[in-house]
Amino acid sequence: MNTNKLSDKNIPLTPAECEAPNMQVGEKKDSLLKYLIVGVLFGIVFVKAEIISWFRIQEMFRLQSFFMYGVIGSAILVGLISIQLIKRFDIKTISGEKVKIGNKEFRKGQIIGGFIFGLGWAITGACPGPLFAQIGSGFTVVLVTLLSAIAGTWVYGKYSDKLPN
Amino acid sequence: MEQIIEWISQPWPWYVAGPLIGLTVPALLILGNKSFGISSSLRHACAACIPASIPFFTYDWKKEMWNIVFVLGVLLGGVIAGFLLSNPDAIVISESTQADLSALGLTDFSALMPSEIFNWSNLFTLKGLFFFVIGGFLVGFGTRYAGGCTSGHAIMGLSNLQLPSLIATIAFMLGGFAMTHLLLPHIMKFVGL
């Protein structure tokens, strides 16, 4: 019982509130291949649509091109319709589970952290996804940016209880 | 077959790329009940390599292996698209953006990234410090503080009509506008562009 209590205490610190709240059943190694395939397709789209371009991000923040707004807007629209269809028709996962999507709770971090991320997005020309695709497509120096982003994540984790949230 | 390769090699328009990215949301949900998100992979990297007994990193990251495999896939996708399907022509950038950036000191607009900045020879210079080290730190720190990035909040969260994600997305954009219009001109001058 004591150990249970301890782990209960830790729950808010597990990724329950982050964007991939999937502390569910661990996957078998062979079933991980499907995520690799989705990732590969996703990475190809990033590079082929030039979303990984530092210049595209500059166009977006200078309001000089509709391109990125079109990409993000149509992605949300398709995601929204998909989730509505999944909910409406109670579409199950391939292993027959009910689809579960966690709700996000409001915290101050979404404003402060969000603004900080925005500053970094405009200077690096990348959010985390494109960082990986930039490295893959040959801009290997972005590896340094990625390591620094991991360091930033670590520093947040170290001081998260001291920051307003 | 050649025609198909040629068509794929062209840059894809937003109305092809956006919906394909949007389809990642149901694909991950239906394949394994996973919520789309990328920045948490950075957290899993910390948990796996340097947890240092910090509670925020003390969890069973192996259960999140799908997320790490997913971002490795994104990297591999970058390799495939960048080397096998790459566009032979220079990127087409809005003329006004090109004019603005020329005024800030950039001259090479041929690649996806400005070669004057994103270059190994800049690693130990002020350019490297601002564009790689500080920029990357802000991305990693900010996304984790916000609890997500463009994928987790803007795409997954807004697709699921989450108000906190709308607030986060507005904050991302405000940060980006502030950097682009208020800080970047000074930074670019300072680093010697």
Side-chain angles (χ1 to χ4, degrees), chain A residues 13-14 18-20 26 32 34-36 39-40 43-45 47-49 53-55 59 61 64-65 70-71 74-76 78-80 82 93 99 104 106 109-111 113-120 122-124 127-129 132-133 136-138 141 144-145 148-149 152-154 156-157, chain B residues 12 14 17-22 25-26 29 33 37-40 42 46 55-56 59 63 66 69-71 73-75 77-79 81-82 93-94 96-97 112-113 120 132-133 135-146 148-150 152 158-159 162 164 168 171-172 175-176 179-180:
Chain A
L13 300 164
T14 63
C18 75
E19 72 278 27
L32 289 173
K34 59 190 184 224
Y35 302 112
L36 186 77
V40 167
I44 291 175
V45 176
V47 178
K48 285 313 304 174
S53 169
W54 187 88
F55 295 116
E59 282 179 343
F61 286 130
Q64 288 163 338
S65 164
V71 167
S74 58
I76 295 169
V78 169
L80 185 93
S82 307
T93 70
V99 170
K104 298 186 195 276
F106 175 72
Q110 282 142 9
I111 298 174
F115 187 83
I116 294 171
F117 161 53
L119 296 173
I123 193 168
T124 61
C127 24
F132 291 96
S137 64
V141 74
V144 179
T145 315
S148 193
T153 302
W154 190 87
Y156 170 74
Chain B
W12 298 355
W14 64 265
L20 285 174
I21 291 171
V25 169
L29 285 171
N33 233 340
I38 293 189
S39 63
S40 40
L42 305 175
C46 290
F56 193 75
Y59 58 91
K63 283 188 179 171
W66 78 273
V69 171
F70 179 67
V71 296
V74 175
L75 196 147
V79 175
I93 308 159
S94 135
S96 36
T97 305
L112 291 179
M113 309 281 281
W120 277 106
F132 315 150
V133 180
F137 190 92
L138 295 173
V139 168
F141 185 90
T143 51
R144 197 71 278 118
Y145 197 177
C149 60
T150 329
L158 290 184
S159 290
Q162 299 291 303
F172 299 165
M179 174 55 78
T180 302

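Residue numbering restarts at 1 for every chain, and letters A, B, ... go by the order of the sequence lines. Atoms considered below: every heavy atom in the structure, side chains included; atoms not considered: hydrogens, waters and symmetry mates.
In this structure, Trp12(B) and Val71(A) have side chains that are not in contact, with every pair of non-hydrogen atoms separated by 4.5 Å or more.
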Residues Glu59(A), Thr97(B); criterion side-chain hydrogen bond (donor to acceptor under 3.5 Å, both in side chains); working and verdict: CA-CA 6 Å; Glu59(A) 282 179 343; Thr97(B) 305; 4.7 Å; no
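To the nearest 0.5 angstrom, Phe137(B) atom CZ is 14.0 Å from Ile123(A) atom CD1. Taking CZ from Arg144(B) and CD1 from Ile116(A), the interatomic distance works out to 13.0 Å, rounded to the nearest 0.5 Å. Summarising the geometry, atom CE belonging to Met179(B) is positioned 12.0 Å from atom CZ belonging to Phe117(A); distances are rounded to the nearest 0.5 Å. Atom CZ of Phe115(A) and atom OH of Tyr145(B) lie 13.5 Å apart (nearest 0.5 Å).
Nearest heavy-atom pair across Gly157(A) and Phe56(B) is CA-CD2, 3.4 Å. The two atoms that bring Pro128(A) and Thr143(B) nearest to each other are CG-CG2, 4.0 Å, heavy atoms only. Nearest heavy-atom pair across Pro164(B) and Phe106(A) is CG-N, 3.6 Å. Across Leu112(B) and Ser53(A), no two heavy atoms sit closer than the pair O-OG, 2.6 Å. Shown here for Phe132(B) and Val144(A), the closest heavy-atom pair between the two residues is CB-CG1, 4.0 Å. The two atoms that bring Gly78(B) and Val47(A) nearest to each other are CA-CG2, 3.7 Å, heavy atoms only.
When Ala17(B), Gly176(B), Ala168(B), Pro26(B) are compared by the number of non-hydrogen pairs under 4.5 Å with chain A, Gly176(B) comes out ahead. When the candidates Gly136(B), Gly82(B), Ala81(B), Ser94(B) are compared by the number of heavy-atom contacts under 4.5 Å with chain A, Gly136(B) comes out ahead. Most heavy-atom pairs under 4.5 Å with chain B: of the set Leu36(A), Thr124(A), Leu119(A), this distinction falls to Leu119(A). The most heavy-atom pairs under 4.5 Å with chain B, out of Gly70(A), Ala75(A), Cys127(A), Gly120(A), come from Ala75(A). For the set Ala49(A), Ser65(A), Ala122(A), Ala149(A), the count of heavy-atom pairs under 4.5 angstrom toward chain B peaks at Ala149(A). Of the listed residues Leu75(B), Leu20(B), Val25(B), Leu158(B), the one with more heavy-atom pairs under 4.5 angstrom with chain A than any other is Leu75(B).
Aromatic ring centres of Phe70(B) and Tyr35(A): separated by at least 6.0 Å.
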